[in-house]
There are 2 protein chains.
Amino acid sequence: MKKKRNTKQKATVYRVVQSSNDHPTAEKVYERAKKELPSISLGTVYRVLKELVSEGKIKEIIVNKQSHFEKRTDHHHHFICRECGKIEDVETPLCRYTCRKVEKKGYVVEDIEYKFYGLCDKCAQKLNIKEKEVAQV
Amino acid sequence: MKKKRNTKQKATVYRVVQSSNDHPTAEKVYERAKKELPSISLGTVYRVLKELVSEGKIKEIIVNKQSHFEKRTDHHHHFICRECGKIEDVETPLCRYTCRKVEKKGYVVEDIEYKFYGLCDKCAQKLNIKEKEVAQV
DNA sequence: GTTGTTGCAAAGAATTTGCAGTCTA
DNA sequence: TAGACTGCAAATTCTTTGCAACAAC
């Protein structure tokens with residue numbers, strides 16, 4: 001296989017993801033990377049992100065048919081707010097019972113992904129207030 | 001709100017999904033619908049599928065950034081084979097423990113989606129055989 | 001006859017890719 | 001200096017949309 005090289009672009013993209021506490025899209029990573037390395041291109045960002053994912057250095061999570069990236073590579077799940085679109089990490093124990101149920105049929109489970117959709121605390125609060133106002137009319 | 005009309009196209013798309021035991025993409029639904037109604041267009045299939053989903057008559061599941069559709073609208077989850085791409089329904093008990101853990105922070109969980117990735121029985125068997133053959137060389 | 005729907009084709013959005021020039025090792 | 005990598009723009013893929021013709025009710 002071919003030998004990989006260290007380039008400014010790779011280092012920058014990696015650094016951007018590592019210093020992001022949200023779950024940026026490729027476009028967002030691109031925006032942030034450009035601040036450090038203005039000449040970087042979106043295509044390169046896509047290429048590097050893909051490489052980092054396949055090397056297991058970062059993780060990809062797909063929300064609404066769009067890739068988002070995160071520095072955490074350990075096993076965890078996500079909550080997605082339908083109002084503000086915020087993605088938040090969720091720690092859950094592996095559901096052994098469920099896995100075994102799937103595997104019993106001869107299936108091999110290699111990865112599990114849980115996604116929780118709803119409203120984050122802030123949006124829930126906002127919407128409750130709104131609902132009450134509407135109800136009063 | 002505007003009154004909906006019953007058209008051949010809507011009836012056909014609905015019938016196709018109802019009689020599908022796999023999880024067809026829009027394109028696949030289109031292919032199947034064309035057999036019944038050759039003049040139907042892909043755009044219409046997309047429009048009708050979207051409408052059926054929003055009416056709660058069918059469900060949408062997104063795999064690999066692509067929409068698939070299914071007749072089951074009750075709560076269940078999915079297993080996706082990384083080899084053959086097959087999507088299979090998985091029955092799991094709601095993980096109350098996990099939900100409560102998420103909700104404790106003030107979050108409102110409205111929907112939960114579990115996806116299990118791996119190998120289906122057939123592909124697991126095939127790959128095992130292959131692996132053994134490779135190992136013997 | 002209204003007006004919701006369709007077919008068509010063009011537009012969009014996200015991502016990938018071919019290529020010639022550039023830079024790392 | 002070989003060849004991995006980049007920037008750029010064109011191409012792909014899936015999906016949505018504008019519009020004039022069509023067809024339910």
Side-chain angles (χ1 to χ4, degrees), chain A residues 1-17 20 22-55 57-70 80 85 87 115, chain B residues 1-17 20 22-55 57-70 80 85 87 115:
Chain A
M1 79 193 97
K2 48 185 184 175
K3 207 169 280 179
K4 303 239 157 114
R5 285 176 185 175
N6 293 324
T7 62
K8 279 177 284 179
Q9 288 83 348
K10 286 185 192 175
T12 304
V13 169
Y14 183 63
R15 206 178 309 119
V16 165
V17 177
S20 293
D22 51 354
H23 299 70
T25 59
E27 192 78 38
K28 271 265 172 298
V29 172
Y30 172 56
E31 282 172 26
R32 293 172 192 177
K34 262 203 299 197
K35 288 181 189 160
E36 288 187 46
L37 188 64
S39 64
I40 200 169
S41 73
L42 181 56
T44 295
V45 169
Y46 270 105
R47 269 185 293 230
V48 173
L49 284 171
K50 200 176 196 181
E51 186 186 320
L52 291 171
V53 168
S54 77
E55 290 171 354
K57 292 182 181 163
I58 64 173
K59 236 181 170 181
E60 180 180 14
I61 148 183
I62 297 170
V63 176
N64 283 328
K65 297 186 181 170
Q66 191 171 17
S67 291
H68 294 246
F69 301 88
E70 61 182 350
I80 298 127
I87 301 171
K115 282 189 190 141
Chain B
M1 77 194 97
K2 47 184 183 175
K3 207 168 281 179
K4 304 238 157 118
R5 285 178 188 175
N6 291 325
T7 62
K8 280 178 284 180
Q9 288 82 349
K10 285 185 192 173
T12 304
V13 168
Y14 184 63
R15 206 178 311 119
V16 164
V17 177
S20 292
D22 50 354
H23 299 71
T25 59
E27 191 78 41
K28 271 265 172 299
V29 172
Y30 171 55
E31 281 173 27
R32 294 173 193 177
K34 261 203 299 197
K35 287 182 190 161
E36 288 187 46
L37 187 63
S39 65
I40 200 170
S41 74
L42 181 56
T44 295
V45 169
Y46 270 105
R47 269 184 293 229
V48 173
L49 285 170
K50 201 176 194 179
E51 188 187 319
L52 292 172
V53 168
S54 77
E55 291 170 352
K57 293 184 183 163
I58 63 172
K59 236 180 167 181
E60 179 180 14
I61 147 182
I62 298 170
V63 175
N64 284 329
K65 297 185 182 170
Q66 191 171 15
S67 290
H68 294 245
F69 301 88
E70 61 183 349
I80 297 127
I87 301 171
K115 281 189 190 140

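Note on naming: letters A, B, ... go to the chains in the order of the sequence lines (proteins, then strands), and numbering restarts at 1 for each one.
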Any residue meeting side chain to side chain donor-acceptor pair (under 3.5 Å) with A/E60, in chain and number order, not counting sequence neighbours: A/S67

Determine, for nucleotides 10-23 of chain C in 5'-to-3' order, which nucleotides have protein heavy atoms under 4.0 Å from the base (write B), from only the sugar-phosphate (write S), or from neither (write -). ----SBBBB-----

Close side-chain approach of B/H68 to B/I62, heavy-atom, < 4.5 Å: no

Decide yes or no for A/L37 and A/Q9: does some side-chain heavy atom of the first lie under 4.5 Å from some side-chain heavy atom of the second? yes

Side-chain contact test, heavy atoms from C-beta onward, threshold under 4.5 Å: evaluate it for A/V45 versus A/L49 and give yes or no. yes

Give the C-alpha distance, both sets of side-chain angles, the deciding distance and a yes or no for side chain to side chain contact (heavy atoms under 4.5 Å, CB included) between A/E70 and A/I61. CA-CA 8 Å; A/E70 61 182 350; A/I61 148 183; 4.0 Å; yes

Show the numbers, then the answer: is there a side chain to side chain contact (heavy atoms under 4.5 Å, CB included) between A/E55 and A/L52? CA-CA 5 Å; A/E55 290 171 354; A/L52 291 171; 4.1 Å; yes

Rounded to 10°, the angle between the first-five-pair and last-five-pair axes of the helix from C/dG1-D/dC25 to C/dA25-D/dT1 is 30°

Shoot me the first and last contacting nucleotide of DNA chain D against chain B, ordered 5' to 3', at under 4.0 angstrom to non-hydrogen atoms. D/dC14 to D/dC25

Under 6.0 Å from the NZ atom of B/K57, do we count more than 12 heavy atoms belonging to anything else shown? no

Answer yes or no: are there more than 12 heavy-atom neighbours, outside B/K8 itself, under 6.0 Å from its atom NZ? no

For A/K10, all residues meeting side-chain contact (heavy atoms from CB on, under 4.5 Å), sequence neighbours excluded: A/K4, A/T7, A/V48, A/E51

How would you list all residue pairs meeting salt bridge (Lys or Arg N to Asp or Glu O under 4.0 Å) that involve residues 22-31 of chain A, not counting sequence neighbours? A/D22-A/R32, A/K28-A/E31

